[in-house]
2 protein chains.
Amino acid sequence: MDAFDRKILLCLQENAAEPLEAIAARVGLSASPCWRRIQKLEAQGVIQRRVALLDPDRMRVGVTVFVSVRTNRHTADWAERFCAAVVTIPEVVEFYRMSGETDYLLRIVVPDIAAYDRVYKRLIQSVDLYDVSSAFAMERIKYTTALPVTYAE
Amino acid sequence: MDAFDRKILLCLQENAAEPLEAIAARVGLSASPCWRRIQKLEAQGVIQRRVALLDPDRMRVGVTVFVSVRTNRHTADWAERFCAAVVTIPEVVEFYRMSGETDYLLRIVVPDIAAYDRVYKRLIQSVDLYDVSSAFAMERIKYTTALPVTYAE
DNA sequence: CACTCTCGCGCAATCGGCTTGCGCGAATTT
DNA sequence: AAATTCGCGCAAGCCGATTGCGCGAGAGTG
């Protein structure tokens, strides 16, 4: 991966709809080598896929809630059932197993607090949880799907 | 927004590279009305943009850290300088102002703990912070950019 | 030092899918 | 019941993605 590839990835992470020639001009190549590099990056799995990003407000999911979950049932079976239940909830857009105090961290998007409460009830009825604490986001200051390209080999 | 639009948005959020005809077949329309609906959704701003998603491991940013920040300087000027500093850090991929205990929550991606420490130092030298606590993600169980379509009007 | 081999770029032609104009039918209004 | 509007599907046109090929730079070797 050289400087050309990095520039291409920067472009595609910002705007994947841009015509190939425009990207080529931006990175300083002609269309065909630029296209071949993109194909290679896709074949290698560096580029996983292309998606459309929607406006949360227009989709009526302007409220973001971070939910910290603690459990006292540290068994593989419990974890499996909890994960299986959570991943099917469409309002849960991120879901991590954590180190430290909280065992799991969820990011949930909903239209309002009432809708969050419905998701919350769905969560606690799936499996029994030791502690669940919610923190509401007041403002989304930065949100990007673009990963830094400086670390890539 | 009707069932057709919702299906189109579901498709485009999963795979925006799919040919128009395939999307049309999936939602049960022919190519031209499908295309016109997509154009309308883009003009309305429902579809904000199309981006490429990269593999974090292949980009050497497999480590995710959530950073909770508390401040004791609750002035507009402090907030502005802090935000301006944070948004320019490419490793910070999400940045929220929160309610409750923590004032700000950051999601940071880095190759390893040493790299996180460099970002941390860059953070605390930009402005003075009252409290900073980091939580490392052990496992990314779910990550999607797809918003639920059920709430849209 | 020269020769050769390899790799990746740019050009140009081709191909496929996006884009658009138009006629038709369904649903709603008067 | 007639008229109007709205959105669908069809088919043609067009633009950009895709590919084959020749060339030149750089690395390796006699």
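So you know, we letter chains A, B, ... as the sequences are listed, proteins then strands, and number each from 1.
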Legend entry - Listed partners of A/Tyr96 passing ring pair (Phe, Tyr, Trp, His ring centres under 6.0 Å), at least two apart: B/Phe66
Legend entry - Mutual orientation of the aromatic rings belonging to B/Tyr116 and B/Phe136 [parallel < 30°, tilted 30-60°, perpendicular > 60°]: perpendicular
Inset, instruction - Measure across A/Arg81 and A/Ser126 and return the closest heavy-atom pair with its distance rounded to 0.1 Å. - result: NH1-O, 4.1 Å
Inset, instruction - For A/Asp5 and A/Ile8, indicate whether the former's side chain and the latter's backbone hold a donor-acceptor pair under 3.5 Å. - result: no
Legend entry - Those residues that, when tested against A/Arg73, pass side-chain contact (heavy atoms from CB on, under 4.5 Å) (two or more places apart): A/Thr71, A/Trp78, A/Asp128
Acceptor/donor pairs from residues 143-153 of chain B side chains to any protein atom, 3.5 angstrom cut, sequence neighbours excluded:
residue: B/Thr144; atom: OG1; partner: B/Ala146; partner atom: N; Å: 3.0
residue: B/Tyr151; atom: OH; partner: A/Glu91; partner atom: OE2; Å: 2.6

Legend entry - Under 4.0 angstrom between B/Trp35 side-chain N/O and C/dT19 OP1 or OP2: yes
Legend entry - Length of the CD-C1' vector between B/Glu18 and C/dC18, whole Å: 15 Å
Legend entry - Contact pattern, 5' to 3', of nucleotides 9-14 of chain C - B, S or - by protein heavy atom under 4.0 Å: SBB---
Legend entry - Residues within residues 38-49 of chain A bordering DNA chain D, heavy-atom distance below 4.0 Å: A/Gln39
Inset, instruction - Determine, for B/Arg49 against A/Glu14, whether the closest basic-nitrogen to carboxylate-oxygen distance falls under 4.0 angstrom. - result: yes
Name each donor-acceptor pair under 3.5 Å that joins a side chain in residues 41-48 of chain B to protein atoms two or more places apart or in another chain, with its distance.
residue: B/Glu42; atom: OE2; partner: B/Arg50; partner atom: NE; Å: 3.1
residue: B/Glu42; atom: OE2; partner: B/Arg50; partner atom: NH2; Å: 3.2

